[in-house]
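I have placed the structure first, in the form of structure tokens, so that the comments after it can refer back to it.
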Amino acid sequence: MDNILKEKILIAVRSLYKSEIPENLIQVQETRKDFKGDFTLVVFPLLRYSKNTPEQTGSDIGKYLLENHNIISDYNVIKGFLNLNISDSWWLDIFKGISRQKNQLEGLKTHNPETILVEYSSPNTNKPLHLGHIRNNLLGFSLFRILSVTGNRVIKTNIVNDRGIHICKSMLAWQKWGNGETPDSAALKGDHLVGKYYVLFEKELKKQAEPFLATGMDDEAARNSAPLMQEAREMLLKWESGDPEVVGLWKTMNGWVYEGFDKTYEKLGVDFDKIYYESETYKSGKEIVLEALKKKVLYQKADTSIWADLTDEDLDQKLLLRSDGTAVYMTQDLGTACIRQEEYGFDKCIYVVGNEQNYHFQVLKAILKKMGYNWADGLIHFSYGMVELPEGKMKSREGTIVDADDLIQGMIDSARELSFELGKLEDYQEEERVDIFRKIGLGALKYFILKVDPRKNMTFNPAESIDFNGNTGPFIQYTYARIRSVIKKGEQNGLREDPDLLSSVKPLQKEIELIKLIRKFRDVVNESASTYSPALIANYCYELAREYNQFYHDHSILADENELVRNFRLVLSRLTSEILNSGMWMLGIEMPERM
RNA sequence: GGUUCCGUAGCUCAGUUGGAUAGAGCAACAGCCUUCUAAGCUGUGGGUCCCGCGUUCGAGUCGCGGCGGAAUCACCA
């Protein structure tokens, strides 16, 4: 549409001013709400060809277009802006085209399909998931849906950080003070039980570190001097050498954690096609590093540690293997990337990882390229912002971590309370209500997080509950439920859509506004796919729902006396509901039929 | 200190490749349910778009310099 219009304008100005005007000077945008018109041509760039005032240039072009194209029904000029009205029949043609689509996701698969891995979640196995992980999971899953819809082969992967000193801390605390406690005996989710021992470890460690602190040691050194810390390190060494007892405990406790994680993932509605474990991938990272050392891409220091020199790329030197031969974080990421390229031959691998690791991924890519892996160009760090509290970062030591399970349950409970206050769903079975409250509570949570530009840090205030009114998930769900209700009622009264009745309608302004928005859906999805931004879809859905609610408020759908109007509004409503449903689906948000 | 990111209404956030008088929601206040779901709709108040300079016909948007905040610069992950 915009392109068709642009083309017509280009031809018009070229013939008016008899010169080869470059295409990029034709700037068409949607007309602002407070002016009359549908699209606006900015005429300033054309003045050097028209050699005339902005006003005169605008009306010359407007007059030409009005005379030569029946798409244009009217125009007006204000300062250097030519506002064009599109004829009703054109809007209706577009509308009819969209109404014939089987579903609103049809026809989005336009660009060349790629194989894309999306890595997200990536938890540590020593504590439960928190709000930061929720943002990560929702973004990753939504990206998967958006990229799939636009025609790519997308593989969801998760890499679990299941080894290292932090895991040993929980293990050691459990061993010392756990008395054989299990998730069953404690009636606690496995990840929370393990997290409890991690916290206990830190608490005991702090106690033990105090005497050292008193001698004037700094915090770090004091903690390292505590016997508990030394025990934890011994345990890590035992784990790395395969000590059966330690490995056994490690397996048991990680198993508890996975059971707990699975429940949280299920609640969030996210899943994975392939899960990697660092305990399995770090070895191949070592091999790759040793190989690269042979090829002299890397170098070895006197203490036998191995390094990459990236100083000529304005990056530092980076350690890849310690002098004792053990791997660091970067090592395993190198290994994992190579394994993934072998297994999937991906075009892109998108890492959904917080912006605190920007440097890490810059280095990761640089090292792989230095090693000669050209596919490393396809590594993309999807760097999202932190979730912060009003007073700053969440800190486990200060107990300000917002737990994922608690938050989810709290949202579902709030949905129930609000529904009760409003006197909704009273005639429903408890089973059905539970399902609806879950959809609404999670809808509110997910939308709250996904509507924000992923790159930016965002604030969550635990003291203020997440809203269910205004620019929220439930607002959009509510709009959807109302439409569904209208359609069902129409069906009961024998009202069915009739495509043949669409041509002779005279749409009202509000209805045209809706058609414009409906038309825009496809562009928004493509834009969100190319910029990796679910937020665009979220904000679009809100805009559409708001526009529809105004229409719904002002006009009757089923009770209008004109059959043509009833039919038209029914189709308009149906399309709106389908697009809201599709849009929210891409955000991983489910829509209730009633609420 | 170096690098990167951020700074828009009291609060949380939008703001397309630079375009007209910078928008929503929350909170506050005032209205609208005998009618398809009021988790809705309408209205009022609320702004030095951090500051300055520059580029441009035109800057919240681009460039430079400040100020403020965050992250990172580990033989942690």
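Throughout, a chain's letter reflects where its sequence line sits, starting with A, and its residues are numbered from 1.
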At 4.0 Å (heavy atoms only), tell me whether [X] reaches a base, stays on the sugar-phosphate, or touches nothing.
X: A:H381; value: nothing
X: A:R455; value: nothing
X: A:Y478; value: base
X: A:Y359; value: sugar-phosphate
X: A:K393; value: sugar-phosphate
X: A:N24; value: nothing
X: A:S419; value: base

>> Return whichever of A:V328 or A:K424 has its heavy-atom-nearest nucleotide of RNA chain B closer to the 5' end.
In response: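 That would be A:K424.
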>> Reading RNA chain B from 5' onward, which residue's closest nucleotide shows up sooner: A:N461 or A:V486?
In response: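 Nearer the 5' end of the strand: A:N461.
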Separation of [X] atom [atom1] from [N] atom [atom2], in whole Å?
X: A:Q332; N: B:C75; atom1: CD; atom2: P; answer: 17 Å
X: A:E421; N: B:U37; atom1: CD; atom2: P; answer: 22 Å
X: A:Y384; N: B:C6; atom1: OH; atom2: P; answer: 17 Å
X: A:Y548; N: B:C36; atom1: OH; atom2: P; answer: 13 Å
X: A:E417; N: B:A39; atom1: CD; atom2: P; answer: 16 Å
X: A:I487; N: B:U37; atom1: CD1; atom2: C1'; answer: 14 Å
X: A:R484; N: B:G40; atom1: CZ; atom2: C1'; answer: 19 Å
X: A:E391; N: B:G69; atom1: CD; atom2: C1'; answer: 16 Å

Ignoring backbone atoms, establish whether [X] has a side-chain N or O less than 4.0 Å from OP1 or OP2 of [N].
X: A:R482; N: B:A38; result: yes
X: A:R322; N: B:C76; result: yes
X: A:S485; N: B:U37; result: yes

> How are the rings of A:W239 and A:Y282 set to each other: parallel, tilted or perpendicular (split at 30° and 60°)?
Replying inline: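 Tilted: the ring planes of A:W239 and A:Y282 meet at 30° to 60°.
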>> Over 60° means perpendicular and under 30° means parallel, so tell me whether A:F521 and A:Y540 are parallel, tilted or perpendicular.
In response: tilted
Before accepting this row, confirm whether a basic side-chain N of the pair [X]/[Y] lies closer than 4.0 Å to the acidic partner's carboxylate O.
X: A:E547; Y: A:K510; result: yes
X: A:E511; Y: A:R569; result: yes
X: A:E30; Y: A:K516; result: no

Can you tell me how far [atom1] in [N] sits from the matching atom in [M], rounded to whole Å?
N: B:U17; M: B:G7; atom1: P; answer: 16 Å
N: B:G23; M: B:U35; atom1: P; answer: 36 Å
N: B:C50; M: B:U16; atom1: P; answer: 15 Å
N: B:G15; M: B:C53; atom1: C1'; answer: 25 Å
N: B:G45; M: B:C29; atom1: C1'; answer: 8 Å
N: B:G31; M: B:C57; atom1: C1'; answer: 45 Å
N: B:U12; M: B:U56; atom1: P; answer: 38 Å
N: B:U8; M: B:C32; atom1: C1'; answer: 32 Å

> Tell me, for nucleotides 13-26 of chain B in 5' to 3' order, what letter each nucleotide earns: B for a base near a protein heavy atom under 4.0 Å, S for only sugar-phosphate near one, - for neither?
Replying inline: SS----BBS-SSSS
Choose from [options] the nucleotide whose nearest atom is closest to any side-chain atom of [X].
X: A:N549; options: B:C41, B:A39, B:U37; answer: B:C41
X: A:Y552; options: B:A77, B:C36, B:C75; answer: B:C36
X: A:H553; options: B:C75, B:A71, B:G40; answer: B:G40
X: A:L319; options: B:A39, B:C75, B:C36; answer: B:C75

> Of all residues at least two apart in sequence or in a different chain, which pass the ring-ring contact (aromatic ring centres under 6.0 Å, His included) check with A:Y447?
Replying inline: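 For A:Y447 there are no ring-ring contact (aromatic ring centres under 6.0 Å, His included) partners, ignoring immediate neighbours.
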> Considering residues, nucleotides and ligands other than A:E391, do more than 12 of their heavy atoms fall under 6.0 Å from its CD?
Replying inline: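 Atom CD in A:E391 is crowded, with more than 12 foreign heavy atoms closer than 6.0 Å.
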> Around atom NZ of A:K301, are there more than 12 heavy atoms of other residues, nucleotides or ligands at under 6.0 Å?
Replying inline: yes
For [N], which nucleotide is its Watson-Crick or G-U wobble mate, given both distances must be under 3.5 Å?
N: B:C75; value: none
N: B:G47; value: none
N: B:U37; value: none
N: B:C53; value: B:G63
N: B:U17; value: none

>> List the residues meeting side chain to side chain donor-acceptor pair (under 3.5 Å) with A:R433, not counting sequence neighbours, and say none if there are none.
In response: A:E430
>> Is B:C13 syn or anti, taking syn as a glycosidic angle within 90° of 0?
In response: anti
> Any chance the rings of A:F475 and A:Y478 have centres within less than 6.0 Å?
Replying inline: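 Centroid distance A:F475-A:Y478: not below 6.0 Å, so no.
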>> Quick check: A:Y351 with A:F361 (ring centres under 6.0 Å apart)?
In response: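 So the answer is yes for these two rings.
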